[in-house]
Amino acid sequence: MVLITPENRDATVELLTRLVGIGADFKLGDGVAQRRLTPHQVRDLLVTELPKEGREAENVVRDLVRHVLPLCNNEASPRFLGFGHTGADVAALAGGLLALFAQQNLINQSFAAPSATFTEIAVLRWLRDLLGYPNPLVGDVASVWDVGGVTTYGGTGSNAVAMLLARENAVPGTLHEGVREPERMHIVVPAGIGHYSVKSALEWIGVGGRIIEVPTRGYHRRTLLQPTQGLHRDQMREDRHLLRSSGHTRIIPALGKIL
């Protein structure tokens, strides 16, 4: 392992600058992928045994650019009609690079992330403002419990965190005492367009994959739940531990009470 030092600083900057150029050219590519191989071909190309000897970073980078990058999907391509995100946003790319160098661990403020902790708090407060939720005065923010939110990553991780929060909101004390009566915990999702991670998240948090699908009308427009649609009348009356979702792949249960 070669660490950055004053002696190799210029060579390191040259290598990383070259990689930024390669990355920018990749983002600006017109096609979704430069090469297409079958899964078996990709496996045989990239899955190898543990090397017996290490290699210099220059050689590793050359192999990545030659063999891995051409097979990657360029989601910034005008021909890619999948996810819309900030992957080509200049500010996001710059922030990602700086975060990689800063290497702050948000596990705590005093030792691991002296300034990054408060940067995250600021962003969460901005998001709360945009959503219409009140924020305490800056001077009153003395612990994580005063922030009113948490940063999550990706749809699967976000759904898992949302289900944990919904479970605790529906049955306070579950975090410390464990799950009680999991058969009374369900979530309502639109039929046919739910994300697979919703059920997985329920299973991960120990309440079982209890999904209630509700028919939709039009394009992803949720119909109000009727007693005959997905839930029996008795279940609707007795089930006080219903975990509700807001729709497609991002679940925000009982947002007003959680934040």
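Computed from a predicted model, the values in this text were never measured in an experiment. Heads up: numbering here begins at 1 and tracks the sequence.
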>> Pair Leu64, Leu69 - check side-chain contact (heavy atoms from CB on, under 4.5 Å), show working.
In response: CA-CA 6 Å; Leu64 290 174; Leu69 194 60; over 6 Å; no
>> Before you tell me yes or no, could you show the steps for Val188 and Glu213 under side-chain contact (heavy atoms from CB on, under 4.5 Å), namely the whole-Å CA-CA distance, both residues' side-chain angles and the distance that decides it to 0.1 Å?
In response: CA-CA 6 Å; Val188 178; Glu213 293 191 325; over 6 Å; no
>> Between Thr17 and Val20, is the side-chain contact (heavy atoms from CB on, under 4.5 Å) condition met? List the steps.
In response: CA-CA 5 Å; Thr17 301; Val20 169; 5.6 Å; no
> side-chain contact (heavy atoms from CB on, under 4.5 Å) between Arg180 and Met185: does it pass, once the steps are laid out?
Replying inline: CA-CA 9 Å; Arg180 304 180 301 279; Met185 297 184 182; over 6 Å; no
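In this structure, Arg125 contributes its side chain and Asn135 its backbone to no donor-acceptor pair below 3.5 Å. No donor-acceptor pair closer than 3.5 Å links the side chain of Arg9 to the backbone N or O of Ile4. Side-chain atoms of Gln104 come within 3.5 Å of backbone N or O of Ala102 as a donor-acceptor pair. No donor-acceptor pair closer than 3.5 Å links the side chain of Asp146 to the backbone N or O of Pro136. In this structure, Asn73 contributes its side chain and Glu75 its backbone to no donor-acceptor pair below 3.5 Å. Between the side chain of Asn159 and the backbone N or O of Ser197 there is no donor-acceptor pair closer than 3.5 Å. No donor-acceptor distance shorter than 3.5 angstrom exists from the side chain of Asn74 to the backbone of Val32, with no hydrogens or angles considered.
Leu19 and Leu97 are members of different hydrophobic clusters when ILVMFWY side chains are connected at heavy-atom separations under 4.5 Å. Hydrophobic clustering, with ILVMFWY side chains joined whenever heavy atoms are under 4.5 angstrom apart, groups Leu164 together with Val207. Placement of Leu71 and Val65 in two distinct hydrophobic clusters is found when ILVMFWY residues are connected by side-chain heavy-atom separations under 4.5 Å, directly or transitively. The hydrophobic clustering, which links ILVMFWY residues whose side-chain heavy atoms are closer than 4.5 Å, places Val123 and Tyr133 apart. One hydrophobic cluster holds both Val61 and Leu16 under the rule that ILVMFWY side chains link at heavy-atom gaps under 4.5 Å.
Distance check: Arg210 CZ to Ile212 CD1 gives 10.0 Å after rounding to the nearest 0.5 Å. For the atom pair Glu168 CD and Thr174 OG1, the distance stands at 5.0 Å (nearest 0.5 Å). To the nearest 0.5 Å, the span separating CD on Gln109 from CD1 on Ile121 amounts to 8.0 Å. Atom OG1 in Thr117 sits 10.5 Å away from atom CD1 in Ile107 (nearest 0.5 Å). Atom CG in Asp140 sits 5.0 Å away from atom CG in Leu137 (nearest 0.5 Å). In this structure, Leu45 CG and Leu37 CG are separated by 7.0 Å, a value rounded to the nearest 0.5 Å.
The 12-atom threshold is exceeded at CD of Glu177, counting heavy atoms of other residues, nucleotides or ligands nearer than 6.0 Å. Applying the 6.0 Å contact sphere to CD of Glu14 captures more than 12 heavy atoms from other residues, nucleotides or ligands. The number of heavy atoms from other shown groups lying within 6.0 Å of CZ (Arg79) does not exceed 12.
Under the 4.5 Å side-chain criterion, counting only non-hydrogen atoms from C-beta, Ile187 is in contact with Val198. In this structure, Glu56 and Arg62 have side chains that are not in contact, with every pair of non-hydrogen atoms separated by 4.5 Å or more. Between Val161 and Val150, the closest side-chain pair of non-hydrogen atoms falls below 4.5 Å. Using a 4.5 Å heavy-atom threshold, the side chains of Phe26 and Gln34 count as touching. No side-chain heavy atom of Phe118 sits under 4.5 Å from any side-chain heavy atom of Val147. Side chains of Leu106 and Glu120 form a contact here, defined as non-hydrogen atoms less than 4.5 Å apart.
Ala112 and Asn105 make their closest contact through CB-O, 2.9 Å (heavy atoms, listed as atom of the first residue, atom of the second, distance). Residues Arg55 and Val60 come closest through the heavy atom pair CB-CG2, 4.0 Å. When all heavy atoms of Gly29 and Pro78 are compared, the pair lying nearest together is O-CD, 4.3 Å. Residues Ile205 and Arg167 approach most closely at O-NH1, 2.7 Å, considering heavy atoms. Across Gly209 and Leu202, no two heavy atoms sit closer than the pair CA-CB, 4.2 Å. Of all heavy-atom pairs spanning Gly206 and Pro182, the tightest one is O-CB, 4.1 Å.
Side chain to side chain, Thr5 and Asn8 meet the donor-acceptor criterion of an N or O pair below 3.5 Å. For the residue pair His40 and Thr38, no side-chain donor N or O sits within less than 3.5 Å of a side-chain acceptor on the partner. With hydrogens and angles left out, the side-chain atoms of Glu203 and Ser200 include no donor and acceptor closer than 3.5 Å.
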